[in-house]
Every structure is written in C-alpha cells, then in structure tokens.
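Order of appearance sets the numbers: ligands from 1, and atoms from 1 within every ligand.
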Amino acid sequence: MARTRIGDPVKRIEDRRFITGRGRYVDDIAVAGLARMAVVRSPVAHADIRAIDVSAAAAMPGVLAVLTGADYAADELGGIPCLSLSEDYAGPDWRRTPFPALVADRVRCVGDGVAVVVAETLAEAVDAAEQVDVDYALLPAVVSIAAAMGPEAPQVWEGTDRNLCFKAEFGDAPKTAAAFDGAAHVTTIDLVNGRVAANPMEPRGSIGGYDVGEARYTLTTSTQNPHGIRNILAQFVFGVAANRIHVKAGDVGGGFGMKGNPYPEDILVLWAARRIGRAVKWIGDRSESLLADFPGRDQICTGRLALDGAGGILGLEVEVHYNLGCRLAPEAAIPAILFGRMITGVYDVPAAHVRMRGVFTNTQSTTPYRGAGRPEAIYMIERLLDKAARETGRDALAIRRRNFIRPDQMPYATALVDTYDSGAFEAVLDRALDHADWDGYDARRADSSARGLLRGRGVSCYIEVASLFNDRMEIRFDPSGGATVIAGTFSHGQGHETAFPQMVSDWLGLPIENIAFLQGDTDRVAHGVGTFASRSITVGGSALRRAADEIIEKGRRIAAHLLDAAAEDVDFADGLFTVRGTNDSRSLAEVAMAAYAPFGLPIELGVGLEAVGYFAADKHNYPNGCHVVEVEIDPETGHVGIDRYIAVDDVGTVINPLLADGQIHGGIAQGIGQALVERVVYDADGQLLTGSFTDYTMPRADDMPSFRTAFRPIPTDSNPLGVKGAGETGSVGAPPAVIQAVVDALSALGIDEIEMPATPSRVWQAIQDARRADP
Ligand code: MCN
C-alpha cells in the first residue's frame, strides 16, 4: 500500500479503466426503454421559416414524436443565457440574444435546430428527420467579421449597427496616445486567429429522463460542469428548483472549454423525455459536432507597439474584433476579456489601451477554447516584438531581455487589469535556450540547407491568468477507514482521480489505494463549479487542503478521547495521532472507524468523520514559460516539419510532474494544430466547408516532434499550495513560437508574414509569390 507525496510522478489511476476499454461515456450507458433523438438542422445560414410540415415524418415507422420550435415556444421553455457579459465592462447597451433550444421563426446559422424526431431506433429517427419539410425564405448571410462590419451588411439581429454586440475597453487611452507621441519607432501588425474546433475524442451526447412521480428530470451528459448545467436548466430553461434536476456525468472524453455549459440537445432530450414518458438519447457524430459544437478563437486584431530609441517599450495599443457567431453562448465574451487583460504579456509596458468588439455573424456561436483569449493575446505581443526587432535591426532575444518585467518588480501591476505576483521570465528564457542548444543553431541550419530545406527558429515568452471563482471539496471517511474525495471540480481528461487522492494521501498519510474519488453527480456532490480556466488544482486543491486540515482537527479530538489525553497533547504525523512524549497512538483509519461506532464516543464529537473545505481564487495565478521551436520547411511542397520543441514552464509547485507534463504536451499539440493545420471554414453563404475530418485537418502524432519539457517553478503565494495552473499553458505558448519559426525560415525569401494555419499550400503559395516577385 503506497503513500504518495506531492511532487511524485504517480501514474494515472483512471487509465486502468480507459486503456482496458472500461470507461463509461454517455454512449456506453444502458437505460431501459431508451428512445433515440435526431435533430433536424437548418441547411441554410440565414432564412425565415415560412412553414414546417412534420406529417410525413410523424407517419414514419418507429416515430414517437416530432417536435418543432413552435411546440417549444408553446411549452414556454426558456433558453440558454449569456452569463459572461455584464454592464461593468460592456455597458448597458450590449445586444442580448434569445437562445431557445429549437428555433421557431428564423434560422441564423447552418446547423440551427428547427425540429427533433424521437423514434424507437437511431436509424428510424434519422430517416424520419429527413422527411421533415421546412419551407425557408432565404435571407442574405454574413460570415466574416469584415463583412459583418460593412456599412451595407445584412444584420444577424435587428436593431444592431454593423452587427455589433458589445464593445469594451481596458487601459488608459490618453496615456497610451501620449506614449506613442514620444516614440522613436512604431511597429504595426494585423493578425488573424482563425476559428478552430475543439474536437474532443468523445463527441457531445445526452440522455434525458423525466420521472412523473417525482416530477424530476435526470440528465446524463458529456460536460465539464454538471452543477453549472443543472443550475442553468433549472433557473433559465425549465423554471424549477434545482433539486428537480439531477445531472450526472461519467467519464468525459475531453472538452477543452467547449463542454462548459448546456447545449440545446441537453434541453431537448429532457423536454422530449417529459413529452413521451420515456428516456431519450442523443449522441452527436463527428460531422454534427463540427456543425453544432461551439468552436473557439475567430478574431482579427491590429496591434501597435511604440518603442524608444533603445528598444524599450513605451506603449501598446490593440484593437480586436471577436466573431461571436449568430447568438451568444454562455461564455461568449470570455475570450475577448482575457485577451484584453493579458495583452502586455511578460513585458514592462508603461501604457496600454485595448479596444474589444464582439460581432455577430451567421455562423455557429463561439465559446472559450483552451486558452480562451490568452493564446491570441500572447500571439499578438510576441509577434509584435519579433516584427519590431526585425524593423529596428535588433535581435529577437535582446528586445525581450530589454523589456522583461524583472523579479524585483513583483508584485507587478500591468497597465491593464492584473497584478502578477511572481515570475522570473529571463531565467526561464535562459533555461529554454539552454535546453534548445540555441548556440548550435547555425550548424543545424547549414545541415538543413544541405538537404534542400529552409530552417527557422522562434521563441515565445508567455504568461497567462489561471483559476477563477470559488469551490468546495469534501473528504468523507467510511466505517472501514477508507476516505472519499468528493470534488466540486470536474475532471474530463486532466487526471484529477489521481491528483486529488495523491494530495490527500500526502497530507493524511493514507495509502492512495484507500482513497476513492467522486465527482460529477449533482445528487451526490453537494455543489461544484466545474473545471475550466486551469482552476482545479488551484481552487479545488486549496479547498481540499482545508478539508484535510479539518479532518486532522476533528480526528485529533476523537483520538484524544480514545487515548484518554487532552486534544492539545495529541500530534498528527504520517497518518498517526500520538500523545506527545509517549508511544500511545491511533491511526487515522482507526479514528475514522471509531467515529462510526454505534456507541462509545461522546455525541459532542459527532457521528462519522467528514469535512468540507472551501477556497476562493480571489487572487489569480500567472503560469508562464518560454517555448522554443525549430522548423524545417520543404520549399518544394510547403510542408512545415517541427524539428525540435522545447518548453520550460513555471506552473508553481508541481503536484504531479507526469500529469502536468501531459497537460503541457496536450496544450502544445493543440497550439501546433492551430498554427499549422486547423481551421473551421465557411463559404461566403455560410455553408460549413469543414464538416468532416476529410476537410478539417487535425494534427497527428507524426506532425509532432518529441517535446522536451522542463519546469522552473516559482511557487505563488496566491493559494496555500503555491500552484499555478498547467492546463492551458501549452496552447498559449505554442502558436507564436511556431509561426515565428516559420516566418524566420521563410525570411530568406523575403517573406515576413504568414497567416495561421501555415498549411503546406499556404506556405508553398507564399514561396511561389516571393520567387515570382524576386526571381
Ligand atoms: N498540475 C500539476 N501541477 C500544477 C498544475 C497542474 O500537477 N502546478 C496537474 C494536476 O494534477 C491536474 C492537471 O495538471 O491534474 C491540470 O490542472 P489545472 O492546471 O488545475 O487545470 P484543470 O484541471 O482545471 O483543467 C482545466 C484545463 C483547461 S481550462 C482545458 S481547456 C483543458 C485542460 O485543462 N481541457 C482538457 N486540459 C485538458 N486535458 C484533457 N485531457 N482534456 C481536456 O478537455
């Protein structure tokens, strides 16, 4: 039986289940009498619904119900709210959008649900869905941000001007303008962060049930946030007390931000179940996921950097437009806000001003995707610095060193919103350069050149903001002396089933095998906030620490009674309560067993042994790091190969280096995906061109080098564990480093910019254009 410690590379406990095919995802769950649901989706991006004829569909074999947006409205169900915009920063004028689970009057993107068919089998539901006859009166559509903001653009929502949903700003405009007035050099850059799809391995899926006797809904869904979904469904959709809705999530095969909130299908399975009196299941296939999951990123931004004569930053001015899609998802505004907050990066920027705009288009609604605004912010500041270095004849590293916030400036209040508590950015850079053998680059470039390949290298120094909100964690012992961690957070790939028991094992001196883990069931977990914003180890872990401390205090009182000593004389260490100066001791397991004895303990000591810990991330933490990339480009094909990737990260105290490393690998892979291959593409009419994996390119194992990663931790004092988040860092650090390396390689041909994703065709075309311009 092993006791584990914080910092041990404990292998993932949950992997026993996953790699032996015993994971329990939504589609694995057997429910008696289950009916299947198919959603009838709009094939056009913008149209009025003149009429829907469901008679043919309703007459098809096996069909139990066909429901439309009119039925939905008649049943007076609410819709999905936008919770991320507030008057604090967007003012009172931001445009709210209704978000019913089925549209009754006007569709606003391809994929909008207009009806559902519920049938005995999936095949019958799908066949009947094809028979639902919808009469659409087409309207002109807008797809890109630029088109949506044109003076003559069709409006996605009536009453808007140039499709604007909200505007907000951070920073000091007059001070920034003054900084630019005194600049020796100004660098300007226009950047695009394309729309990307989260594509978790497990697509979304939901099973809804309704118990007439209990007047109670049960939803099993693939989510990152079971309690959040329950609360929204109760308050905004069904108008019932939250105790009338039971939400359960089993194993969840990835979410990446996309599964943070309810989707129309979660509502529809519950509503359909109530209507037909049977449980109803919907599982999205990959094409439906690409069409109907909320994608991420999708912004255009312009940045201007003012420098003094020595390369010191004087000011930064950024304007960004986010494509919100056709209606506001619950977290629609988060990427814009986090972008605005983090745009100054790891640099001492005396004056900054950011203008953020959210724009509607006839496309699927967007939502946070791993990093949520922070990758876009770091992409902007890092690319600006590289361009400024080139324009002013400076070295890309020297300009960074000149402008880093120094450790002795901590805590450092940025010119925007945040105060960084810790970080040694230059030391992290040096460590990364060392691991990357920066000085040996010339020989490697010569070698690439001899093989007909263009070599380039790039660096990105990133910082992000992690952790949000409060949470609660519970430790509950059972009468055998085993303990269960009951988590308000929700692991959907991060390995919490290992990390949290590992921590409790350390603090309470229990074998990790005796610690069970429970999450994701709103009837069994009293309250939870879910997992996003790299918050779980910070907020959940700190709450868990407090629960463990309370277990020790409660246990001490029980042990004192058992040992016939005063509680003040009982020490706790390594799982044992010992009367100071004696050999008299009781193990925590023995104390827990005694706590559940039917008689014997004074009732003032309670019955049982459990504790709840709470923590609020009143102060955020700021993971940071440096990523170094070298690429080789084949000029004949445009293929970009990543030859080496080095990441040195400061995630504060490392709880489990295996898990943290895995998180960083995954984030880097997604960052490389965005930089080189991934992009959601609509045509000008709003038709989705990347509706399957034939057209939406996912990065593959052979696109990745073997990453070299290292930690250079500086514990933060913003939480009792000293941890900083690790779940998103890779996706923040990767895109600028990769694109900078690509631009560096192509600079030999006079190319100084390439848009993400730097696909082979885009790179090849840039090379052809450059050769044509300068043969
Ligand atoms: N960790 C650690 N030491 C630290 C920080 C973290 O050992 N100092 C480890 C922890 O043990 C934990 C993991 O890293 O198991 C992630 O912890 P944390 O940084 O607190 O992030 P969260 O658990 O809150 O996860 C959220 C984050 C986000 S926001 C996205 S998006 C994301 C991500 O995690 N989505 C993921 N990682 C993902 N990984 C998988 N497999 N699937 C997703 O959908």
Among all the protein's non-hydrogen atoms, which is closest to [atom], and how far away is it?
atom                    : result
atom 7 (O) of ligand 1  : Asn656 N, 2.9 Å
atom 17 (O) of ligand 1 : Ile537 CG1, 3.5 Å
atom 23 (O) of ligand 1 : His496 NE2, 2.6 Å
atom 19 (O) of ligand 1 : Ala726 N, 2.6 Å
atom 3 (N) of ligand 1  : Ile655 N, 3.1 Å
atom 14 (O) of ligand 1 : Gln663 CG, 3.6 Å
atom 21 (O) of ligand 1 : Ser534 CA, 3.4 Å

Heteroatom distance test ([X], ligand 1): nitrogen or oxygen, under 3.5 angstrom:
X      : answer
Val651 : yes
Phe256 : yes
Gly725 : no
Gly727 : yes

Could you tell me which atoms of ligand 1, counted from 1 in the order shown, lie closer than 4.0 angstrom to a heavy atom of [X]?
X      : value
Ala533 : 29 (S)
Phe532 : 29 (S)
Gly254 : 42 (N), 44 (O)
Val654 : 3 (N)
Lys724 : 4 (C), 5 (C), 8 (N)
Ala660 : 2 (C), 7 (O)
Ser536 : 20 (O), 22 (P), 23 (O), 24 (O)
Leu659 : 11 (O), 15 (O)

Is the shortest distance from a Lys or Arg side-chain nitrogen in [X] or [Y] to a carboxylate oxygen in the other one below 4.0 Å?
X      : Y      : value
Glu497 : Arg17  : yes
Arg545 : Asp549 : yes
Asp27  : Lys281 : yes
Arg712 : Asp650 : no
Lys248 : Asp523 : no

Inset, instruction - Test the Arg472-Tyr614 pair against the cation-pi criterion, namely NZ or CZ under 6.0 angstrom from the six-membered ring centroid and within 45° of the ring axis. - result: no
Inset, instruction - Find out whether the Lys NZ or Arg CZ of Arg535 is both under 6.0 angstrom from the six-membered ring centre of Phe469 and within 45° of the ring's axis. - result: no
Touching ligand 1 at all, [X]? Heavy atoms, strictly under 4.0 Å?
X      : value
Gly255 : yes
Gly652 : no
Gly257 : yes

Legend entry - Check: Thr414 and Thr419 side chains under 4.5 Å, non-hydrogen atoms: no
Inset, instruction - Could you please spell out the steps behind the side chain to side chain donor-acceptor pair (under 3.5 Å) verdict for Ser718 and Asp421? - result: CA-CA 8 Å; Ser718 59; Asp421 67 292; 4.8 Å; no
Legend entry - Donor-acceptor side-chain pairing of Gln494 and His492 below 3.5 angstrom: yes
Inset, instruction - Could you pull out, from Pro715, Gly730, Ala499, the option with a heavy atom nearest to atom 11 (O) of ligand 1? - result: Ala499
Inset, instruction - Give the single entry among Glu728, Gln494, His665 that approaches atom 32 (C) of ligand 1 most closely by any heavy atom. - result: Gln494
Inset, instruction - Determine the minimum heavy-atom distance between Arg370 and Gly666, stating which atoms define it. - result: NH1-C, 3.5 Å
Inset, instruction - Locate the shortest heavy-atom distance separating Ala292 from Glu265; write the atom from each residue and the value. - result: CB-OE2, 4.3 Å
Inset, instruction - Verify, without hydrogens or angle tests, whether Ser534 (side chain) and Glu728 (backbone) share a donor-acceptor contact under 3.5 angstrom. - result: yes
Legend entry - Polar side-chain atom of Asp28 near backbone of Tyr25 as donor-acceptor pair, under 3.5 Å: yes
Inset, instruction - May I ask you to identify, for Thr531, whether its side chain, its backbone, both or neither come under 4.0 Å of ligand 1 on a heavy-atom basis? - result: side chain
Legend entry - Side chain, backbone, both or neither: Thr653 near ligand 1, heavy atoms under 4.0 Å: backbone
Legend entry - Arg24 atom CZ, neighbour heavy-atom count above 12 within 6.0 Å: no
